Amino acid sequence: LYSFASFLSTSMHHFVLTLFFLVSTMLVDASKSLMGFSIDLIPRHSPISPLYNSQMTQTELVKSAALRSITRSKRVNFIGQISPPLSPSPSPSSSPPSPPSPSSSSSSPAESIITPIPDHGEYLMRFSLGTPSVERLAIFDTGSDLSWLQCTPCKTCYPQEAPLFDPTQSSTYVDVPCESQPCTLFPQNQRECGSSKQCIYLHQYGTDSFTIGRLGYDTISFSSTGMGQGGATFPKSVFGCAFYSNFTFKISTKANGFVGLGPGPLSLASQLGDQIGHKFSYCMVPFSSTSTGKLKFGSMAPTNEVVSTPFMINPSYPSYYVLNLEGITVGQKKVLTGQIGGNIIIDSVPILTHLEQGIYTDFISSVKEAIDVEVAEDAPTPFEYCVRNPTNMNFPEFVLHFTGADVVLNPNNMFIALDNNLVCMAVDPPKEFPSLEIGHRLIFEWSMTLERKRFLLPLPIAAPFNLAYP
């Protein structure tokens, strides 16, 4: 058992979760062989973020992140559904194509890729593109593959503070031909040949939001941190140069695009491939922290003191990493999912973990029995279970049982501290959709390599997390 008071006097530790998976890595020739490098991840809720709202209280910051989790998870339900094709014969060299209509004729789900709406994410990262290089701020997302930013000329783009990227000003930019391998990685109904035989793609989020652009090659570079070196440069990286963006959700004017780190062959991690040893990790930070998270590639991605579980890609969720969760132990009781073959998504965006209603009902019943304190009646939306004044409360041990691997969690992974001595569980039932999804709150850090289809999960860490920092 862990007491709340003990959390207040102990330091923060992070769990490590490592994933091994198999992809092709044919897209990038690195300028040099890298042992590893690290990039800052900027939490949107932190004072160091350009998206930070200093007028919001701690509770308001946590609530807004939780509501973004709900929105994000609802969009997962759209993945694999029917997706509209591109309008006939786009010709970006003369004028951008007309946007597709969601009600237009469609292909089978197997021929479509629909990515959940990122809702401008929880973490941002900086990268540079082109020669001479131009720095941009983008949204970090492990639930999508394509990395893209808005380019000029643009028929319809969402407002952004930075100038649109101009590929004509980069000496290393080249259009990706429509018959080349990177272009054919898009479903047939989401790619077309432009007037100059360049690859035109459609990347869709949810059902009514999408971006259309030219697929291009250019040099991507990163300023590495904590290594005493100048950074890393990767020529001829594939990215999307969007000239038509239509989103039904708001994107901050400070964000210029997205960096996709999903399992697909077009994701940044897959493209870097051999140059990073097919391995990367990311680490999140607590809400009250003024530090950045870390995105680590190659030898800097931690792989020690771990246990292993199989990982898979579900064709209905092609941009996600999927594990099989067999059950959850709460104190002396174990709640079983009764499922095999991959049943839960790992996602870097939401702070909430979502369990199917039946599993959640058994889980929360075990939590209430183990903690045995009065439930707070004024739990803020969207939290389902909160307690107040938990100074003398004992928390049970929580264990996630994946296939072949058990992960012991400290209570700080399961609960979030809000204002006025209110502590809420970061696990909720689904809202109008069936879902099993692990948000980044439950496991703060995980790394992966691209060669073996295995997740490596952390061994128990003795020191508890500090619940004073949500």
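Bear in mind the structure is a predicted one, so any value in this text is a computation, not a measurement.
For the atom pair CZ of Phe239 and OG of Ser147, the computed distance is 10.0 Å after rounding to the nearest 0.5 Å. Considering CD1 of Ile212 and OH of Tyr244, their distance stands at 7.0 Å, rounded to 0.5 Å. Rounded to the nearest 0.5 Å, atoms OG (Ser38) and CE (Met300) are 4.5 Å apart. Rounded to the nearest 0.5 Å, atoms NE2 (His203) and OG1 (Thr211) are 8.5 Å apart. Considering OG of Ser223 and CE of Met125, their distance stands at 10.5 Å, rounded to 0.5 Å. Atom SG of Cys241 is separated from atom CZ of Arg214 by 5.5 Å, given to the nearest 0.5 angstrom.
Heavy-atom minimum distance, Pro382 versus Lys63: CD-O, 4.3 Å. Between Tyr320 and Pro263, the shortest heavy-atom distance links the atoms O-CG, 3.7 Å. In terms of heavy-atom proximity, Phe383 sits nearest to Met425 at CD2-O, 3.5 Å. For the residue pair Pro182 and Tyr217, the shortest heavy atom distance occurs at CG-OH, 3.5 Å. Considering all non-hydrogen atoms of both residues, Pro153 and Phe243 come closest at O-CB, 3.4 Å. Nearest heavy atoms, Leu261 versus Tyr321: O-OH, 2.6 Å.
Two residues are said to be in side-chain contact when any heavy atoms from C-beta on lie closer than 4.5 Å; Phe415 and Phe398 meet this criterion. Looking only at side-chain heavy atoms (C-beta outward), Val407 and Phe402 come within less than 4.5 Å of each other. In this structure the side chain of Val427 reaches within 4.5 angstrom of the side chain of Leu355, judged on heavy atoms. For the pair Gln160 and Gln150, the minimum side-chain heavy-atom distance is below 4.5 Å. Taking 4.5 Å as the limit, some side-chain heavy atom of Leu266 sits within range of a side-chain heavy atom of Leu185. Leu400 places a side-chain heavy atom less than 4.5 Å from the side chain of Leu409. Considering only heavy atoms from C-beta on, Phe297 comes within 4.5 Å of Ile39 through its side chain.
In this structure Tyr173 satisfies the side-chain hydrogen bond (donor to acceptor under 3.5 Å, both in side chains) test together with Asp175, sequence neighbours excluded. Listed by chain and number, the residues in a side-chain hydrogen bond (donor to acceptor under 3.5 Å, both in side chains) with Thr253 are Glu161 (sequence neighbours excluded). Shown here are the ring-ring contact (aromatic ring centres under 6.0 Å, His included) partners of Phe127, two or more places apart in sequence or in another chain: there are none. In this structure Asn324 satisfies the side-chain hydrogen bond (donor to acceptor under 3.5 Å, both in side chains) test together with Thr403, sequence neighbours excluded. Applying the side chain to side chain contact (heavy atoms under 4.5 Å, CB included) criterion to Gln169, with sequence neighbours excluded, gives Asp166.
The closest donor-acceptor contact from the side chain of Glu60 to the backbone of Gln58 lies at 3.5 Å or more, if one exists at all. Counting only distance, with no hydrogens or angles, the side chain of Ser49 and the backbone of Leu51 share a donor-acceptor pair below 3.5 Å. Judged purely by atom type and a 3.5 angstrom limit, Gln271 uses its side chain to pair as donor or acceptor with the backbone of Val238. Listed for the Asn256 side chain is no donor-acceptor partner under 3.5 Å among the backbone atoms of Leu149. Between the Asp145 side chain and the Gly264 main chain, a donor and an acceptor come within less than 3.5 Å of each other. Of the possible polar contacts, none joining the Arg126 side chain to the Arg136 backbone as a donor-acceptor pair under 3.5 Å is found. Checked by atom type and distance alone, the side chain of Ser46 pairs as donor or acceptor with a backbone atom of Ile48 at under 3.5 Å. A side-chain donor-acceptor contact under 3.5 Å links Ser180 to the backbone of Pro177. Proximity of a side-chain donor or acceptor of Thr337 to a complementary backbone N or O of Leu325 within less than 3.5 Å is detected. Using a distance-only test at 3.5 Å, with no hydrogens or angles considered, a donor-acceptor pair links the side chain of Ser267 to the main chain of Gly262.
Within the structure, salt bridge (Lys or Arg N to Asp or Glu O under 4.0 Å) contacts touching residues 306-327 (residues at least two apart or in different chains) do not occur.
For the residue pair His354/Asp428, the side-chain donor-acceptor check at 3.5 Å is not satisfied.
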I would like to know whether Val259 and Ile139 meet side chain to side chain contact (heavy atoms under 4.5 Å, CB included); could you show each step before the answer? CA-CA 6 Å; Val259 175; Ile139 295 162; over 6 Å; no
Any chance you could lay out the disulfide (SG to SG under 2.5 Å) test for Cys154 and Cys151, step after step, and finish with the verdict? CA-CA 6 Å; Cys154 189; Cys151 296; over 6 Å; no
Side chain to side chain contact (heavy atoms under 4.5 Å, CB included) evaluation trace for Lys279 with Ile276: CA-CA 6 Å; Lys279 182 169 60 176; Ile276 58 170; 5.7 Å; no
Is there a disulfide (SG to SG under 2.5 Å) between Cys183 and Cys178 once you walk through the steps? CA-CA 6 Å; Cys183 190; Cys178 58; over 6 Å; no
Under the side chain to side chain contact (heavy atoms under 4.5 Å, CB included) rule, what do Glu192 and Tyr201 come out as? Steps first, then yes or no, please. CA-CA 7 Å; Glu192 292 280 357; Tyr201 69 87; over 6 Å; no
Stepwise side chain to side chain contact (heavy atoms under 4.5 Å, CB included) test for Tyr123 and Met284: CA-CA 9 Å; Tyr123 282 80; Met284 307 307 195; 3.3 Å; yes
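Partner of Ser170 under the side chain to side chain donor-acceptor pair (under 3.5 Å) criterion, chosen from Thr131, Thr219, Asp218: Asp218.
Taking the charged nitrogens against the carboxylate oxygens, Asp40 and Lys294 do have a contact shorter than 4.0 Å, which makes a salt bridge.
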